[in-house]
Amino acid sequence: MGPDPGPGGPFGLAGTWPRSPAEAVLWQEALAARIQPEGDPGPVCYVAGCDVAYRGEWAYGVVLLFEYATGRLLSHSWARERARFPYVPGLLSFREVPVLLEAFFRLEGPEPDLVLCDGQGIAHPRRMGLAAHLGLCLDRPSIGVAKSRLWGEHDPLPEQALSACPLRDRGEVIGYVLRTRARGRPIYISPGHRIGPEAALRYVLTLLDGHRLPYPTRLADRFARTRLSQEEGR
DNA sequence: GCGACAG
DNA sequence: ATCTTGTCGC
């Protein structure tokens, strides 16, 4: 039968999910055709940051919703599930998308105009990193913000803060490498869904606050770990 | 066989 | 990602 990208298919909401890495690769090849890694989300009022933390077999997915203009935290949500898929480089979304979708489903308040994820977007061997997969499932503009490289090549990056270089795959720009702090390790930014590489870089630049990572994903990471440690006391 | 390999 | 103490530096 193979991948099922039809209605209810790729979202893990119809009880369907790949059972093996080989099957997951087939899903990615089918889903990649639906990703729109271009454009600009337009007026952004609300931004979400999300992340997943693990404690043994349990995955804790967290979503934080911010007002873009002020950076104020408007709401948050979380979900806990048994991890359904092992971590395999290139197949991260099959491990993290289900628990993140549940957390998004529980989120109250306005719909986010932009979603930032911890991981790659289309800077991926099949253009289907976590941010691309999640953005497609949510049908929302999404950006991947990764702490290390998975795919793509780039020129040497100047040591200066805020220096950036295109991340390319066979000449095609699939994202940007951005050094957010002088002499610090860079971060890897790539479009997920419904946004282009340049707009993705531009939005991330506006979400920096002096730290290595933009605050939506940085705070989501911190919240997920806090949530996790609070849970181990019961 | 060897290196690379998001979280 | 997670397992884990102290330690170097701003």
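In what follows, chains are A, B, ... by sequence order, proteins preceding strands, each numbered from 1.
- Residues that satisfy the side chain to side chain donor-acceptor pair (under 3.5 Å) test with A:Glu38, not counting sequence neighbours, are absent from this structure.
- Put simply, the side chain of A:Pro43 does not reach to within 4.5 Å of the side chain of A:Asp113, judged on heavy atoms.
- Atom-to-atom distance recorded for A:Ile187:CD1 and A:Asp118:CG is 10.0 Å, nearest 0.5 angstrom.
- Between A:Ile195 and A:Leu114, the closest side-chain pair of non-hydrogen atoms falls below 4.5 Å.
- With sequence neighbours excluded, the residues forming a side chain to side chain contact (heavy atoms under 4.5 Å, CB included) with A:Tyr87 are A:Pro89, A:Leu92, A:Arg95, listed by chain and number.
- Taking the six-membered ring for Trp and thresholds of 30 and 60 degrees, A:Phe66 and A:Tyr215 have ring planes more than 60 degrees apart, a perpendicular arrangement.
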task: Show your reasoning for whether side chain to side chain contact (heavy atoms under 4.5 Å, CB included) applies to A:His124 and A:His133.
output: CA-CA 11 Å; A:His124 178 281; A:His133 197 161; over 6 Å; no
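- Counting any heavy atom pair closer than 4.0 Å across all strands shown, A:Tyr87 reaches a base atom.
- The backbone N or O of A:Trp78 lies less than 3.5 Å from no partner atom in the side chain of A:Arg227, so there is not a single donor-acceptor pair.
- Distance OG/A:Ser148 to CZ/A:Arg185: 6.5 Å, rounded to 0.5 Å.
- Atom CD1 of A:Ile189 and atom CZ of A:Arg202 lie 12.5 Å apart (nearest 0.5 Å).
- Hydrophobic cluster membership differs between A:Leu138 and A:Phe105, with clusters built from Ile, Leu, Val, Met, Phe, Trp and Tyr side chains linked at under 4.5 angstrom.
- Shown here are the side chain to side chain donor-acceptor pair (under 3.5 Å) partners of A:Arg181, two or more places apart in sequence or in another chain: there are none.
- The stretch residues 189-202 of chain A has no heavy atom under 4.0 Å from DNA chain B, so no residue of it qualifies as close.
- Contact check of residues 118-129 of chain A against DNA chain B (heavy atom, cut-off under 4.0 Å) returns A:Asp118, A:Gly119, A:Gln120, A:His124, A:Gly129.
- Where DNA chain B meets chain A (any atom under 4.0 Å from a heavy atom), the bounding nucleotides read 5' to 3' are B:dA4 to B:dG7.
- Scored by the ring pair (Phe, Tyr, Trp, His ring centres under 6.0 Å) test, A:Phe104 finds no partners at all (sequence neighbours excluded).
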- prompt: Dot-bracket for DNA chain C: what is it, with Watson-Crick or G-U pairs under 3.5 Å, [ ] where a pair crosses earlier ones, and | for a pair to another strand?
  reply: ..........
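- By the 30° and 60° cut-offs, the orientation of the rings of A:Phe223 relative to A:His76 is tilted.
- Considering A:Cys117, A:Pro216, A:Pro214, A:Ser190 as possible partners of A:Val145, the one that fulfils the side chain to side chain contact (heavy atoms under 4.5 Å, CB included) test is A:Pro214.
- Heavy atoms of A:Gly90 sit under 4.0 angstrom from at least one base atom.
- The pair A:Arg126-A:Glu29 does not count as a salt bridge, with every side-chain nitrogen at least 4.0 angstrom from each carboxylate oxygen.
- For DNA chain B, the neighbouring residues in residues 148-185 of chain A, judged by any heavy atom under 4.0 Å, are A:Ser148, A:Arg149, A:Leu150.
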task: Taking Watson-Crick and G-U wobble pairs with both distances under 3.5 Å, convert DNA chain B into its dot-bracket string, 5' to 3', dots for unpaired and | for cross-strand pairs.
output: .......
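- The residues A:Glu102 and A:Arg106 are annotated as salt-bridged, a charged nitrogen and a carboxylate oxygen being separated by less than 4.0 angstrom.
- Contacts classified as side-chain hydrogen bond (donor to acceptor under 3.5 Å, both in side chains) and involving residues 149-158 of chain A (residues at least two apart or in different chains) are given here: A:Trp151-A:Asp169.
- You can see that DNA chain C meets the heavy atoms of chain A within a 4.0 Å-exclusive cut from C:dA1 to C:dT2, reading 5' to 3'.
- Rounded to the nearest 0.5 Å, atoms CG (A:Leu107) and OH (A:Tyr46) are 12.5 Å apart.
- Residue contacts for A:Ile187: at a heavy-atom cut-off of 4.0 Å it reaches no nucleic acid atom on any strand shown.
- Note that the CG atom of A:Leu213 and the CZ atom of A:Arg222 stand 13.0 Å from one another [nearest 0.5 Å].
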